[in-house]
Amino acid sequence: MAKSSELVMSAFFVLFAFGCIAASLQLPLGTPLEPMPGFIPLIVSLFLLFVSLAQFASAFRTAGNSKAVLGEQWKQPASIVVGLIVYSITLDFLGYIIATTGLSLLIIRIFEPQGWLRPLVIAIAVSVFSYVLFDRLLEVNLPDGLLRGLL
Amino acid sequence: MDLFSNLIEGFSVALIPTNLLLGFIGAVLGTAVGVLPGLGPSATIALLLPLTYKLDPVGAIIMLAGIYYGAMFGGSTTSILLNIPGENSSVVTCIDGYQMARKGRAGAALGMCAIGSFIGGLISVLILILIAPALSDLALSFGPPEYTAMLLLGLFMVVYLSSESVLKGLMAMSIGCLLGMVGRDVTYGLDRFTFGSDYLLSGLNFVPVAMGLYGISEVMLNMEKQETREVFKTDLKGLWPTRADWKASWAPILRGGALGSLLGVLPGGGTVMATFGSYTIEKRLSKTPERFGNGAIEGVAAPETANNASATTAFVPLLTLGIPTHTAHALIFMAMMIHGIRPGPLLMTEHPEMFWGVIASMVTGNLMLLLLNLPLVGMWAKMLTVPYKYLVLVIITVCVMGAYSVNLSAFDITTMAVFGVVGYGLRKFGFPISPIVLSMVLVPNLEASFQQSMVLGMGDLRIFFSRPISGTLMAFIALILLFPIGSWLWNRRGDLKKLRQQNNSPAVKANNL
């Protein structure tokens with residue numbers, strides 16, 4: 001299982017290197033005397049292809065005795081990433097305070113699945129405190145969103 | 001100006017109240033992230049980078065440098081009380097530090113760590129002051145081929161020293177180079193790897209990428225582990241070492257300081273090598289080596305001194321050659337560039353207030369760290385009991401703010417999240433992250449100096465090998481690349497020999513019959 005993960009990973013990088021080579025070849029390469037924008041990317045992509053193939057060969061030879069790559073708890077990290085992407089999409093519309101309250105609530109609920117009141121209070125406190133710190137004190141100019149006119 | 005007047009100028013900058021305050025903030029934050037396992041100095045510097053835009057450049061760098069060496073100070077607390085190193089450089093401190101805590105001597109161990117770190121910091125600042133001007137002068141004679149070779153050597157050293165697998169390190173380095181080349185080429189105005197996206201025209205923004213690779217991926221990994229931390233409950237009195245402790249530790253502290261200062265200059269793993277090296281030396285030199293591993297105070301004093309000394313001299317390549325050799329330094333390099341200051345041989349003459357001010361701040365910073373760590377060690381230990389869910393909230397909020405505040409663009413938060421997943425995946429497969437970040441920062445300089453070298457050498461690659469300095473550096477790179485192949489062949493030869501001996505053994509022959 002772990003050996004096959006290593007093989008899949010190496011194969012992915014081999015394909016990635018091929019993609020980079022193709023993208024580099026679409027750029028003007030120039031000559032060694034006058035290297036143009038595609039020259040160094042092509043050299044680096046070829047180097048990546050070479051080391052990825054070597055890694056593939058090494059993974060192929062190595063016995064599959066290493067630990068499994070994905071643990072059972074992968075859903076929690078994944079929900080953080082999804083939460084961050086949703087946050088970035090809704091930030092300008094909802095505004096910093098509402099969007100951050102939502103994200104903080106999600107994070108606390110991941111760790112504390114029981115109850116809503118305590119996580120909600122903590123989430124609001126975090127968003128208001130960070131808003132005051134970053135927007136008012138450090139002048140970061142955060143979006144007001146739905147609360148425009150109230151802040 | 002001579003050395004003395006330079007130092008006076010440095011202290012006149014470092015002792016400005018604002019700079020003292022920023023140094024103090026850096027030292028406190030650094031100690032805090034050093035104490036807390038899971039949030040290292042690189043992630044913290046990445047998080048705070050955008051917040052330094054509005055600060056005075058010297059003050060900003062003083063604060064960021066404070067975070068770096070403050071983390072080295074703080075890393076020992078978790079090693080001693082939890083038997084978990086706060087930083088890689090504190091791994092060795094676990095061996096004897098935790099044993100001392102178990103014997104009721106946690107206070108003495110923590111006290112000696114603080115004092116050793118302080119002395120190590122002072123020794124290395126002294127060495128930095130002495131060698132930095134000479135190195136800067138040498139670097140001024142570097143042409144594009146020497147600079148290209150130096151950058152390549154720095155990258156390959158980081159790959160070699162920071163990676164368990166050299167192949168994976170080289171892959172990480174290549175990925176970092178390719179990421180660093182995204183955007184519009186400044187010389188020819190052509191778009192590279194932008195795939196028609198306007199967002200990528202100005203290149204991948206370094207801050208969200210670094211925060212994703214470090215901060216978010218770290219959170220994801222820690223959430224998956226869900227470790228429970230158990231702080232060793234012990235009396236933290238008696239922080240000041242006894243006469244016997246001093247007698248046992250003064251020589252290891254001096255040796256650790258010297259070794260750490262020397263190894264700190266090496267890219268990548270200087271700090272870790274310094275701690276392991278100093279521990280091994282002390283064990284070899286000791287008349288009672290059996291005490292090591294059972295709570296010998298020298299086993300705490302020497303590596304902690306070496307650790308802090310190397311953290312300071314690690315600034316030498318950055319300040320004198322303009323080459324960051326550690327992720328935290330790459331971030332400080334970026335901070336300097338953002339403020340319009342180019343680190344390198346001209347830094348000392350063009351921005352003496354920055355060069356000498358930062359060096360002088362290391363003296364004041366180390367003093368602050370000593371004063372912070374001795375009386376407040378109980379408070380740092382209490383920080384270890386803060387539940388991880390609250391730390392995650394703080395980390396994510398600061399990450400989001402850091403990514404957003406660079407361009408006031410919500411899309412940077414998506415970039416950060418994507419690179420969080422990339423970092424998580426790469427770390428799960430055992431890829432080192434530092435080569436990605438370092439090569440991403442260095443590749444524009446590398447490309448420019450390579451192009452200049454090619455023009456200088458009329459398109460002939462031999463220019464890198466025909467000049468004495470670049471030729472020597474290239475020979476080092478060849479050694480770094482050939483060493484793993486050589487050692488693999490040597491091991492394979494040994495395995496084949498063993499196999500042949502086994503096949504020739506009477507038992508196997510009998511079985512074959």
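Residue numbering restarts at 1 for every chain, and letters A, B, ... go by the order of the sequence lines.
Counting heavy atoms of neighbouring residues, nucleotides and ligands inside a 6.0 Å radius, atom OH of B/Y188 exceeds 12 of them. Enclosure of atom CZ in A/F47 by more than 12 non-hydrogen atoms of other residues, nucleotides or ligands within 6.0 angstrom is indicated.
Contacts with chain A (heavy atom to heavy atom, under 4.5 Å) involve these residues of residues 446-453 of chain B, listed by number: B/E447, B/F450, B/Q451. Listed by sequence position, A/V51, A/S52, A/A54, A/Q55, A/S58 are the residues of residues 51-58 of chain A in contact with chain B, using a 4.5 angstrom heavy-atom cutoff.
Looking at A/F39, only its side chain comes within 4.5 Å of chain B, counting heavy atoms on both sides. In this structure, chain B has heavy atoms under 4.5 Å from both the backbone and the side chain of A/S104. Looking at A/L48, both its backbone and its side chain come within 4.5 Å of chain B, counting heavy atoms on both sides. In this structure, no portion of B/F411 lies under 4.5 Å from any heavy atom of chain A. Only the side chain of A/E112 comes within contact range of chain B, judged by heavy atoms closer than 4.5 Å. With a threshold of 4.5 angstrom between heavy atoms, A/I89 does not approach chain B through any atom at all. At a 4.5 Å heavy-atom cutoff, the contact between A/L103 and chain B is made by side-chain atoms alone. In this structure, the portions of B/M171 lying under 4.5 Å from any heavy atom of chain A include both its backbone and its side chain. Neither the backbone nor the side chain of A/T90 has a heavy atom closer than 4.5 Å to any heavy atom of chain B. For B/L55, no part lies near chain A; criterion is any non-hydrogen pair under 4.5 Å. Residue B/V400 touches chain A through its side chain alone, counting heavy-atom pairs closer than 4.5 Å. Contacts between B/D191 and chain A at a heavy-atom distance below 4.5 Å involve the backbone alone (N, CA, C, O).
Side-chain N/O atoms of A/N141 and B/Y404 include no donor and acceptor closer than 3.5 Å. Side chain to side chain, B/D412 and B/Y199 meet the donor-acceptor criterion of an N or O pair below 3.5 Å.
Between the CG atom in B/L204 and the CG atom in B/L179 there is a gap of 6.0 Å [rounded to 0.5 Å]. Between atom CD1 of residue B/I413 and atom CE of residue B/M211 there is a gap of 9.0 Å, rounded to the nearest 0.5 Å.
Between A/F13 and B/F431, a ring centre-to-centre spacing shorter than 6.0 Å is recorded.
Ranked by heavy-atom pairs shorter than 4.5 Å toward chain A, the options B/L190, B/L393, B/V392 are led by B/L393. Listed options B/M401, B/M454, B/M416 were ranked by heavy-atom pairs under 4.5 angstrom with chain A; first place goes to B/M401.
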